[in-house]
Amino acid sequence: MNELANVSPPPDVRVLSEQIAERSALVRERLDRTAGREVRVVAVSKSHPPSTAWAAALAGHREFGENYAQELVGKAGFLAERGIEVRWHMIGPVQSNKVKVLAPVLGWWHTIDRSKLVRTIARWSPEGTVMIQRNLSGDPNKAGCTADEVEPLVAEATEAGLDVVGLMGVATEGSPQLAAAEFASLVAQADALALRERCIGMSGDLDVALAAGATTVRLGSMLFGSRPGSANGGPSRA
Ligand SMILES: *Cc1c(COP(=O)(O)O)cnc(C)c1O
């Protein structure tokens, strides 16, 4: 029996947990109203302390997303020590040399965008659950493969024994029209490839993503408020 498993949360974590529970209930209502179907919510706890993930778990969250390998592994350990079982989603770019430390902890790999990553994940996480990340904006500085690269990557990952469940994408910020078109294109490709998961939508473009057919959304600021060190609570951490 884990010694810490029964550690009760300190008052500040309990208060935070109640806040997160209230915000989560509002998000749920919005999902029910807009999507009218089951949508998986990945709580993006990045750049918040591990105690925030603890509070979110107490509020009922069981799917967590992080952008940085080290931060993900640290929070996963923190929750595991407290006897809390959740599923971890890697939603940030993955360097091949981080696959080994992530493999025992994940979960879902959302950001597969090249062959080398497929091969490395197949080695350390055989039969691992993955999504192919498509670069929706066409901005070469953004992560993700091109539309043309998706199908060969799906084939390669499947061939390597990975469980390819869907496609993931981040839309261009600030234009709902562009985002809608980008999401529609991703959903059409997922349909064509018979992939069930469409992981699209963050706090700023949630409704657009739901309308386009999101099955999984990644929510940070909507659940946790703005991130420490970020002026606007936007998706990037300075
Ligand atoms: C940070 C981040 C999110 C969550 O962003 P919010 O705008 O806070 O909801 C979702 N997806 C990815 C890939 C991110 O980096």
Side-chain angles (χ1 to χ4, degrees), residues 16 19-20 22-24 26-28 30-31 34-35 39-50 52-53 55-56 59 61 63-72 74-75 86-95 98 102 106-114 117 129-139 141-145 165-176 178-179 182-183 186-187 197-212 214-238:
L16 183 55
Q19 265 174 31
I20 295 170
E22 276 169 30
R23 286 183 167 146
S24 303
L26 294 176
V27 168
R28 269 290 150 215
R30 199 157 147 192
L31 294 182
T34 318
V39 174
R40 175 181 290 103
V41 173
V42 174
V44 179
S45 47
K46 70 178 179 199
S47 80
H48 288 282
T52 300
H61 286 277
E63 315 262 357
F64 285 82
E66 287 284 338
N67 279 51
Y68 297 91
Q70 233 39 61
E71 201 177 336
L72 188 156
K75 281 178 196 163
V86 305
R87 180 192 275 152
W88 287 95
H89 297 254
M90 183 55 182
I91 63 168
V94 180
Q95 293 164 272
K98 294 287 163 56
L102 284 169
L106 299 187
W108 288 15
W109 307 80
H110 285 236
T111 53
I112 308 314
D113 60 0
R114 59 195 189 276
L117 207 43
T129 301
V130 304
M131 285 196 259
I132 307 301
Q133 180 177 9
R134 201 178 122 185
N135 180 339
L136 294 179
S137 65
D139 176 348
N141 296 317
K142 297 266 163 76
C145 67
V165 294
L167 304 184
M168 179 272 206
V170 176
T172 301
E173 241 180 285
S175 164
L178 255 184
E182 291 168 354
F183 288 153
L186 179 142
V187 167
E197 289 288 338
R198 300 92 206 271
C199 180
I200 48 178
M202 336 200 319
S203 300
D205 54 23
L206 177 61
D207 289 338
V208 179
L210 292 173
T215 58
T216 297
V217 295
R218 309 173 307 270
L219 302 179
S221 43
M222 196 176 271
L223 297 173
F224 302 122
S226 53
R227 280 180 277 283
S230 99
N232 56 6
S236 59
R237 136 172 136 164

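All ligand and atom numbering here is 1-based and tracks the order in the structure. Please read these numbers as outputs of a predicted model, since none were measured by experiment.
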| Should the proximity of Ile91 to ligand 1, defined as any heavy atom under 4.0 Å, be assigned to the side chain, the backbone, both, or neither? | both

| request: Number the atoms of ligand 1 from 1 as they appear, then name those within less than 4.0 Å of a heavy atom of Arg218, with their elements. | output: 4 (C), 9 (O), 10 (C), 11 (N), 12 (C), 13 (C)

| request: Please state which part of Arg227 comes within less than 4.0 Å of ligand 1, counting heavy atoms only: side chain, backbone, both or neither. | output: side chain

| Euclidean distance, His48 NE2 relative to Ser221 OG, rounded to 0.5 Å | 8.0 Å

| request: Say whether Met222 and ligand 1 are in contact under the criterion: heavy-atom distance to a ligand atom below 4.0 Å. | output: no

| query | Can an N or O of Met168 be found at a distance shorter than 3.5 Å from an N or O of ligand 1? | reply | no

| request: Classify the ring geometry between His110 and His89 as parallel (under 30°), tilted (30 to 60°) or perpendicular (over 60°). | output: perpendicular

| message | Please determine whether a side-chain nitrogen of the Lys or Arg among Arg87 and Glu63 lies less than 4.0 Å from a carboxylate oxygen of the Asp or Glu. | response | yes

| remark: Near Asn67 (heavy-atom distance under 4.0 Å), the atoms of ligand 1 are 14 (C), 15 (O)

| said: Please list, in number order, the atoms of ligand 1 under 4.0 Å from a heavy atom of Lys46. | reply: 1 (C), 2 (C), 3 (C), 14 (C), 15 (O)

| Contacting atoms of ligand 1, where contact means under 4.0 angstrom from a heavy atom of Ser203 | 6 (P), 7 (O), 8 (O), 9 (O)

| task | State which residues pass side-chain contact (heavy atoms from CB on, under 4.5 Å) with Asp139; sequence neighbours excluded, sorted by chain then number. | result | Ser137, Asn141, Lys142

| Non-hydrogen side-chain atoms of Val86 and His61 separated by less than 4.5 Å | no

| message | Would you compute the distance between atom CZ of Arg134 and atom CE of Met168 and round it to the nearest 0.5 angstrom? | response | 13.0 Å

| task | Check whether any side-chain heavy atom of Thr172 sits under 4.5 Å from a side-chain heavy atom of Leu136, and report yes or no. | result | no

| message | Taking 4.0 angstrom as the limit and counting only heavy atoms of Leu219, give me the atoms of ligand 1 inside it, by number and element. | response | 9 (O)

